[in-house]
Novice: 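Before we start, here is the structure in question, set down as structure tokens.
First listed ligand is number 1; within each ligand, the first listed atom is number 1. These numbers come from the heavy atoms of this one structure, side chains and all, not from hydrogens, waters or symmetry mates.
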Amino acid sequence: MKMPAREASCADAHVPLRRSPLNQQLSPLIELQKIDLRIVELKEQRRKIPARLEIHEAPLREAKRLLQETSASTDALIKERRSHEKDLEAHEDRIGKMKDRAAQLKTNQEYQAHLFEVELANKKKGEIEEKILLAMERIEQTQRTITDAQASLQESEALFTREKATLDEKDRILAAELADLEVNQKQLSGQVEKALLARYNKLKATRKDQALALIKDGICLGCRLHLPPQLVSQVKRGEDVHTCPYCYRILYWEGEPASEVKGPVDHEQAQNFEVGESV
Ligand SMILES: [Zn+2]
């Protein structure tokens, strides 16, 4: 097997050229844009972290809420049961006193009335006991729910803690990279000529952070439109700062030397040449 020699040499030639673009004036600006774009990307990633954390915090909050709610209703049921128990105690006391009075009854009529009274009191006692039983059953139910809610809370807590640690670490790494980049950004900004930097910053604000556009295959990669060949040649020569006639981004070239531009001009480029000239 034979390696395609042309491709290999192209790739080799490409690397050093990337490091030193033809236009020395634009060189720090190209680096600056790379840093600026990375800063935007990092800030965006950091901005999304609280929302990602929130996704894992929601089930935790829900588990806490359920546990609180169930505990509160259990407490209310326990109170209710106690109140019924007090009622029962008072009622049993009344029945006892009622029975004590039985010895003092003289007539059959009085005795019949007493029996009726006792029967009613026993019925009421049964009702209170029923309420106590019902409350106890419900307490048992809510206590089971509490056990489940506690397990679910523990699970969500563990998941959240793990996720938070991961995201905190990610944020820490992003913040560190961002801090480094901001130092580089400052240094590089100092290397760019002031008027050019101001122009760059102004363009950056209106062109989605991309003030510079690379030319590739005669196309401005900022707006994807074909550029007039003459403009492409000028940019390739790297003598001055040129902007795209369509999107106004500052054009730059990373590639083979300017001699290459004297090649044939295709039909489409020739057409665009006229458009570019008129703008
Ligand atoms: Zn453009």
Novice: Does a salt bridge link R82 with E85, judged by any charged N lying under 4.0 Å from a carboxylate O?
Specialist: no

Novice: For the residue pair R138 and T142, establish whether any side-chain heavy-atom pair is separated by less than 4.5 Å.
Specialist: no

Novice: Does a side-chain heavy-atom distance below 4.5 Å link L214 with W253?
Specialist: no

Novice: At less than 2.8 Å, how many protein N/O/S atoms surround the Zn ion (ligand 1)? Leave waters out.
Specialist: 4

Novice: Is a salt bridge present between E193 and R199, judged by a nitrogen-to-oxygen distance below 4.0 Å?
Specialist: no

Novice: With respect to E117, which candidate in K99, K124, K123, R101 satisfies the salt bridge (Lys or Arg N to Asp or Glu O under 4.0 Å) definition?
Specialist: R101

Novice: Quick one: side-chain contact (heavy atoms from CB on, under 4.5 Å) partners of E177, sequence neighbours excluded?
Specialist: R38, L42, L181

